[in-house]
Trainee: 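The structure follows.
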Amino acid sequence: MTVTLLWIAAIALIVVGLAGTVLPALPGTAFVLGGIVLAAWIDDFTRVGVGTLAVVAVLAVAAWVLDYAAGLLGARRAGASRQALVGAALGTVAGLLMGVVGVLFMPLVGAAIGEYLARRDERNALRVGIATWLGILAGLLAKVALAFAMIGVFVAALIL
């Protein structure tokens, strides 16, 4: 009975982690990693060993780094000001209160407003907002792909 509950907890962590890859309020890949480590521990690390866990951990760190770096790279490439970066961060926080649509689009609005306040140039503000938004979306897609890769590595080790 206890083993069943532990497996349910491991699966729940992985599912919550997948949701967290899209919702910035949850550390998605950390939850996926936690679920995988718990599942490996339940099995005494016989099928999912330390090597597999190391690969999964590297993928989790890569997802975390890409998530933050992609938005910054998009903004930097467009020549964003510091205010645009702060605006994107504030837009992300505001977006949390608005659901998925807010999470997806409020960073664009925040970056554009921040850039406009810094340079008073509407055209540049929109360009920086879009570049920041595209960077954030690229990071999100990479994070989701890496989370599924983590699960794939885990399942392959569990089955094989």
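Along the sequence shown, the residues carry numbers beginning at 1.
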Trainee: Atom CD1 of I130 and atom CG of L137: how far apart are they, to the nearest 0.5 Å?
Mentor: 11.5 Å
Trainee: Report yes if some heavy atom in the side chain of T29 is under 4.5 Å from a heavy atom in the side chain of L146; otherwise report no.
Mentor: no
Trainee: Would you call W41 and L6 a side-chain contact if the rule is heavy atoms closer than 4.5 Å?
Mentor: yes
Trainee: Test of understanding: clusters of I, L, V, M, F, W, Y form through side-chain heavy atoms closer than 4.5 Å, transitively. Do L13 and V3 belong to the same one?
Mentor: yes
Trainee: Going through the checks in order, is the side chain to side chain contact (heavy atoms under 4.5 Å, CB included) test met by I136 and L140?
Mentor: CA-CA 6 Å; I136 289 169; L140 176 77; 5.5 Å; no
Trainee: How long is the gap from CE on M150 to CD1 on I36, to the nearest 0.5 Å?
Mentor: 5.0 Å
Trainee: Give the cluster check for V16 versus W7: same hydrophobic cluster or not, with ILVMFWY residues linked at side-chain heavy-atom distances below 4.5 Å.
Mentor: yes
Trainee: According to a 4.5 Å side-chain heavy-atom criterion applied to Ile, Leu, Val, Met, Phe, Trp and Tyr, with indirect links allowed, do V128 and L134 form part of one hydrophobic cluster?
Mentor: no
Trainee: Between D43 and V48, is a side chain to side chain contact (heavy atoms under 4.5 Å, CB included) present by the stated rule, with each step listed?
Mentor: CA-CA 8 Å; D43 199 36; V48 180; 5.8 Å; no
Trainee: Please report the interatomic distance CG(L59) to CG(L33), rounded to the nearest 0.5 Å.
Mentor: 10.0 Å
Trainee: Could you pull out every donor-acceptor pair under 3.5 Å between side chains of residues 107-116 and any protein atom, sequence neighbours left out?
Mentor:
{"residue": "E115", "atom": "OE1", "partner": "S81", "partner atom": "N", "Å": "2.8"}
{"residue": "E115", "atom": "OE1", "partner": "S81", "partner atom": "OG", "Å": "2.9"}
{"residue": "E115", "atom": "OE2", "partner": "R119", "partner atom": "NH1", "Å": "2.5"}
{"residue": "E115", "atom": "OE2", "partner": "N124", "partner atom": "ND2", "Å": "3.0"}

Trainee: CD1/I14 to CG/L38 distance, rounded to the nearest 0.5 angstrom?
Mentor: 8.5 Å
Trainee: When hydrophobic residues are tied together by side-chain contacts of less than 4.5 Å, even through go-betweens, does I159 share a cluster with V37?
Mentor: yes
Trainee: Check this for me: F45, atom CZ, are more than 12 non-hydrogen atoms of other residues, nucleotides or ligands nearer than 6.0 Å?
Mentor: yes
Trainee: If you round to the nearest 0.5 Å, how far is CG of L158 from OG1 of T46?
Mentor: 9.0 Å
Trainee: Within this structure, what is the CZ-CG distance for the pair F31 and L18, rounded to the nearest 0.5 Å?
Mentor: 12.0 Å
Trainee: Is V93 linked to L90 within one hydrophobic cluster, defined over Ile, Leu, Val, Met, Phe, Trp and Tyr using a side-chain heavy-atom separation of less than 4.5 Å?
Mentor: no
Trainee: Does atom CH2 of W64 have more than 12 heavy-atom neighbours from other groups under 6.0 Å away?
Mentor: no
Trainee: Looking at every heavy atom in both V32 and A147, which two are closest together, and how far apart are they?
Mentor: CG1-O, 4.4 Å
